[in-house]
Participant: 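Could you have a look at this structure, given as structure tokens, before my questions?
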2 protein chains.
Amino acid sequence: MPVNENDPRVQRTRQLLMQAFMELLEEKKNIYSISVQDIAARATVNRATFYAHFADKFAFLESWMREKFQRKLSNELPNGSLSDMDGLRALMLSVFDFLARTRLYMTPGDRQFEPLFEIAMQKELDRLLLRWLRGLQQPSASPELVEATALFASWGIFGSAVQWSRAPRERTAESAVRDLLVVVAAGVKPVTG
Amino acid sequence: MPVNENDPRVQRTRQLLMQAFMELLEEKKNIYSISVQDIAARATVNRATFYAHFADKFAFLESWMREKFQRKLSNELPNGSLSDMDGLRALMLSVFDFLARTRLYMTPGDRQFEPLFEIAMQKELDRLLLRWLRGLQQPSASPELVEATALFASWGIFGSAVQWSRAPRERTAESAVRDLLVVVAAGVKPVTG
DNA sequence: TTAACGATGTTGCTTAAACAACGGTGTTGG
DNA sequence: CCAACACCGTTGTTTAAGCAACATCGTTAA
């Protein structure tokens, strides 16, 4: 496994692999039938190098999904990161939207990867919320409390999005987010004061 | 200097450098002001690596021009290579066209690179003609004669194209090529019989 | 059954690429 | 003038990537 994440070669291979995978996804339409061979070949990267970066195909997929998710969030959040309640609203809408779009790309055979993707999203969400809360926490709040809050909120938001995405026709994302925002605001009160 | 030309890493870096240079050319519009620094950075390649592949900027430019020229020829020649008199006509038209287009991209400051580019073109032309003549030579013809013919014809064609490209308005490329073809056909007679 | 096949991981060795550092050479401009 | 600057070209060392070969494990088909 490469030691230095900042090594341009490392970044480039990662980039090439991700790009290659997306191209293949466009063509083949289902994740299951894309082999590590395929990805490496398309990326003009040796298969062994793939395994130098990712433990296995699952680790790669998680990483890929995290990357996509990150990119979408930083694109759709005002000034690129979570800064206030308005940002929080935008964040939630992005999550809802992302989840809906992801479902469109999943064939029945790809169902097995769902948990993987969801874990990646929740993790990223947690990371983001944690950074936000740390930036505006009360001095009185313990680090543990802040972490617990971020974790709780990340799952809460994410789970709500999952639930909604299973039957998006019943309700608009905007409406669901409106309610959710109230709940979350209350949930983070203990930390933000 | 890399040892094995077929190493994918070698091909990739070369590709990246060429691509980077073309992008910079689109933006800056003049070759002179593009530094090795610039090219390497855009290609996400270390500057030292550039020098592992090319002796200097001039060697790179020659290589780049050859590559472009090669690509154009193999695109515009029927079945990708020179096969008959009709192919020869197509070849000559390509050379004329290539030269005309190249002039459009050259600013006064880039004039210094002109000889470089011309040498690259002539060399490639020679290589192509040589392969062709070797394929259809009379058994009686000596290798030296074949080589001399290819060399002569490559300069003849190339020089005519240069001459024409300096004042393309005076005559169409098609017309110039029509005459040239007759001359060249006669020139290669001693070899083809 | 079994043999062929294709995919997954793994390993040891080789080589290309990254990097930092250096000296050299114009060329600005204070 | 000379000092800052930008670019060139080179070197020694470290590390990532390529490659070939191997074992393993399904799946398929003869």
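Chain A is the first sequence line, chain B the second, and so forth, proteins listed ahead of strands; every chain is numbered from 1.
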Participant: Would you indicate whether the side-chain heavy atoms of A:Arg131 and A:Leu82 approach each other to under 4.5 Å?
Facilitator: no
Participant: Please name all residues satisfying ring-ring contact (aromatic ring centres under 6.0 Å, His included) with B:Phe54, sequence neighbours left out, ordered by chain then number.
Facilitator: B:Phe50, B:Phe60
Participant: Strictly under 4.0 angstrom, non-hydrogen atoms only: write out the protein contact profile of nucleotides 24-29 of chain C, one letter per nucleotide from the 5' end, B, S or -.
Facilitator: ------
Participant: State which residue, out of A:Val45, A:Leu16, A:Leu17, fulfils the side-chain contact (heavy atoms from CB on, under 4.5 Å) condition with A:Ile39.
Facilitator: A:Leu17
Participant: Could you run through nucleotides 9-19 of chain C and give me one letter per nucleotide, 5' to 3': B if any protein heavy atom sits under 4.0 Å from the base, S if only the sugar-phosphate is that close, - if neither?
Facilitator: BBB---BBBSB
Participant: Are side-chain heavy atoms of A:Arg103 and A:Arg166 found at a separation under 4.5 Å?
Facilitator: yes
Participant: By the side chain to side chain donor-acceptor pair (under 3.5 Å) test, which pairs, at least two apart or in different chains, include something from residues 150-162 of chain B?
Facilitator: B:Gln122-B:Ser154
Participant: Between the side chain of A:Arg12 and the main-chain N/O of B:Thr44, is any donor-acceptor distance below 3.5 Å?
Facilitator: yes
Participant: Extract, from 5' to 3' on DNA chain D, the first and final nucleotides lying under 4.0 angstrom from some heavy atom of chain A.
Facilitator: D:dT15 to D:dC19
Participant: Is there any ring pair (Phe, Tyr, Trp, His ring centres under 6.0 Å) pair reaching into residues 66-100 of chain A, and which pairs are they, with sequence neighbours excluded?
Facilitator: A:Phe69-A:Phe98, A:Phe96-A:Trp164
Participant: For residues B:Asp179 and B:Arg171, determine if any side-chain heavy atom of one lies less than 4.5 Å from a side-chain heavy atom of the other.
Facilitator: yes
Participant: Indicate yes or no for a side-chain donor-acceptor contact from A:Asp110 to the backbone of A:Tyr32 under 3.5 Å, with no hydrogens or angles considered.
Facilitator: yes
Participant: Going by distance alone, is a donor N or O of one side chain under 3.5 Å from an acceptor N or O of the other, for B:Ser35 and B:Asp38?
Facilitator: yes
